[in-house]
There are 2 protein chains.
Amino acid sequence: MARKTGSHSEVTGPKVRQAASTLFARHGYAAVSMRQIAAEVGVQAGALYLYTPDKQTLLFDLMRQHMQDLLGAWQDCAKGTSAIEQLEAFVRFHIGFHLERPDAVFIAYMELRNLTAENFAVIEKLRKQYEDALENILRNGLAEGEFSIPDTKLAMMALIAMLTGVNTWFREGGRLSRRKVEEIYCDMARKAVVG
Amino acid sequence: MARKTGSHSEVTGPKVRQAASTLFARHGYAAVSMRQIAAEVGVQAGALYLYTPDKQTLLFDLMRQHMQDLLGAWQDCAKGTSAIEQLEAFVRFHIGFHLERPDAVFIAYMELRNLTAENFAVIEKLRKQYEDALENILRNGLAEGEFSIPDTKLAMMALIAMLTGVNTWFREGGRLSRRKVEEIYCDMARKAVVG
DNA sequence: GTCTATAATTAGATAGAC
DNA sequence: GTCTATCTAATTATAGAC
């Protein structure tokens with residue numbers, strides 16, 4: 001299909017989101033200007049507005065896409081019959097998925113306060129769905145008598161914080177392989193909730 | 001001691017840091033203007049520069065003070081002879097200290113990337129000192145044969161992330177008391193590392 | 001689809017009056 | 001010690017040429 005010279009809609013759109021993701025993660029949403037994003041993409045600032053109505057929507061779309069990817073990937077990955085198996089699957093999935101996209105994860109956790117109230121509500125709802133997935137596993141384990149936890153919500157929060165923390169220190173090629181880290185965290189998570 | 005009308009050095013200085021702390025925590029360093037801080041204090045923007053050479057130093061001083069408070073408080077609070085006792089003391093201390101000052105904690109974790117390279121290095125050094133305190137407890141427990149952890153640094157990171165996460169969801173007057181939360185986290189932390 | 005130019009606003013920081 | 005006024009630079013977003 002013929003295309004005019006200088007017509008790059010299908011390539012520039014993704015490049016804009018990619019550049020915004022990198023820069024927002026590195027410097028923070030409020031500290032990054034549309035001009036910086038444009039420079040990273042290789043266009044002028046005005047051209048960005050062909051791909052997003054404004055800066056806020058650019059942030060929101062990145063965060064919503066990330067949360068939807070997260071939920072979709074977990075639905076495809078969830079497995080295990082016993083609660084312990086399900087918990088181990090969740091731990092490995094969470095660490096692996098988050099280490100794959102550190103920028104998106106960083107933005108999803110750090111830029112919540114820069115969302116408008118409406119956008120924040122949407123993201124929080126998606127986040128809650130993900131948290132519910134883990135909490136249901138913990139509830140199952142409690143019902144099966146395999147887990148010993150006084151409060152499923154609290155244990156869920158403790159586990160998610162612990163797992164997400166891997167992103168702050170893990171470096172590929174470091175002392176421990178990703179698989180080894182997953183294994184150690186699996187052990188700690190299991191021991192923390194098993195009675 | 002006589003003092004001129006309108007002379008409020010000793011009261012305005014702390015008010016500036018207090019206002020900056022509140023606003024930085026709520027909206028983020030980059031999103032807060034010196035004019036907003038001045039309005040919160042009740043002075044004009046220019047007057048802020050009597051108390052800080054610039055906005056960056058204001059952020060840095062807040063973060064350094066927080067880290068020094070943290071280290072000092074732990075030194076006064078550390079106790080326990082066995083590694084398990086020391087671990088429990090650390091868990092209770094960490095949760096209690098962090099819940100006491102949510103704004104300072106939030107800033108210390110979220111605004112690292114807005115520090116200049118020099119200032120960042122100072123804060124990181126202080127943070128490392130605190131992490132070392134927990135890692136030493138874990139090493140002791142390993143030497144005593146009480147703990148079963150394949151890697152002390154990884155376990156330290158996992159525990160600190162888990163404990164600091166309390167700040168993201170705990171609300172005074174909620175379903176669980178602070179003491180109850182400390183108790184449950186103590187159990188989870190102990191179970192996660194005890195062999 | 002992109003650029004240039006620009007409007008309207010706001011930022012951090014300083015000077016000098018009081 | 002604080003205020004008013006201001007400088008310089010940067011911001012988001014838009015209009016119109018090509």
Side-chain angles (χ1 to χ4, degrees), chain A residues 1-21 23-24 26-63 107 111 113-116 118-119, chain B residues 1-24 26-63 107 111 113-119:
Chain A
M1 211 178 296
R3 191 180 292 152
K4 280 188 297 212
T5 308
S7 178
H8 302 111
S9 177
E10 286 153 23
V11 63
T12 307
K15 273 174 80 175
V16 169
R17 287 184 286 279
Q18 175 59 51
S21 180
L23 290 170
F24 288 168
R26 189 169 310 161
H27 307 292
Y29 170 76
V32 171
S33 71
M34 294 299 268
R35 280 171 179 77
Q36 277 177 276
I37 297 172
E40 182 84 9
V41 172
V43 297
Q44 291 300 311
L48 295 180
Y49 292 88
L50 294 166
Y51 303 99
T52 182
D54 50 38
K55 195 185 170 191
Q56 165 72 203
T57 305
L58 188 49
L59 173 64
F60 175 60
D61 286 344
L62 287 176
M63 292 178 73
I107 292 168
E111 304 298 354
R113 62 188 168 183
N114 284 311
L115 291 172
T116 62
E118 292 81 4
N119 290 344
Chain B
M1 213 179 296
R3 191 180 290 153
K4 279 186 300 213
T5 307
S7 177
H8 302 110
S9 178
E10 287 154 23
V11 62
T12 307
K15 274 173 79 175
V16 169
R17 286 184 285 280
Q18 175 59 51
S21 179
T22 304
L23 290 170
F24 288 168
R26 189 169 310 163
H27 306 293
Y29 170 77
V32 172
S33 70
M34 294 299 269
R35 282 169 178 79
Q36 277 178 273
I37 297 171
E40 182 83 9
V41 172
V43 297
Q44 291 300 312
L48 295 180
Y49 292 88
L50 293 167
Y51 303 98
T52 182
D54 49 39
K55 193 184 171 192
Q56 165 72 203
T57 305
L58 188 49
L59 173 65
F60 175 60
D61 286 344
L62 287 176
M63 293 179 73
I107 292 168
E111 303 299 353
R113 62 188 168 184
N114 284 312
L115 291 172
T116 62
E118 292 83 3
N119 290 344

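Lettering follows sequence order; numbering is per chain, from 1.
Across residues 31-43 of chain B, B:Val32, B:Ser33, B:Met34, B:Arg35 each have a non-hydrogen atom less than 4.0 Å from an atom of DNA chain C (numbered order).
The interatomic distance linking A:Gln56 (CD) with D:dT11 (P) rounds to 18 Å, in whole Å. Rounded to an integer number of Å, the gap from A:Asp54 CG to D:dT14 P is 8 Å. In this structure, B:Leu50 places its CG atom 12 Å from P of C:dT14, rounding to the nearest Å. Spacing between atom NZ of B:Lys55 and atom C1' of D:dA10 amounts to 13 Å, rounded to whole angstrom units.
Between A:Thr12 and A:Leu50, the closest side-chain pair of non-hydrogen atoms is not below 4.5 Å. Between A:Leu59 and A:Ile107, the closest side-chain pair of non-hydrogen atoms falls below 4.5 Å.
Sequence neighbours left out, the pairs with a member in residues 28-49 of chain A that pass ring-ring contact (aromatic ring centres under 6.0 Å, His included) are A:Phe24-A:Tyr29.
Within the 4.0 Å cut-off from OP1 or OP2 of C:dT2, at least one side-chain nitrogen or oxygen of A:Tyr51 is found. Residue B:Gln44 places no side-chain N or O under 4.0 Å from the OP1 or OP2 atom of D:dT2. At least one side-chain nitrogen or oxygen of B:Thr12 sits closer than 4.0 Å to the OP1 or OP2 atom of D:dT2.
Taking the side-chain hydrogen bond (donor to acceptor under 3.5 Å, both in side chains) definition, one finds that B:Glu40 meets it with nothing, sequence neighbours left out.
Rounded to the nearest 0.5 angstrom, B:Gln18 CD and B:Leu23 CG are separated by 9.5 Å.
Distance from the side chain of A:Tyr49 is smallest for D:dT14 among the nucleotides D:dT4, D:dT14, C:dG1.
The shortest non-hydrogen separation linking B:Met34 to B:Leu48 is O-CD1, 3.1 Å.
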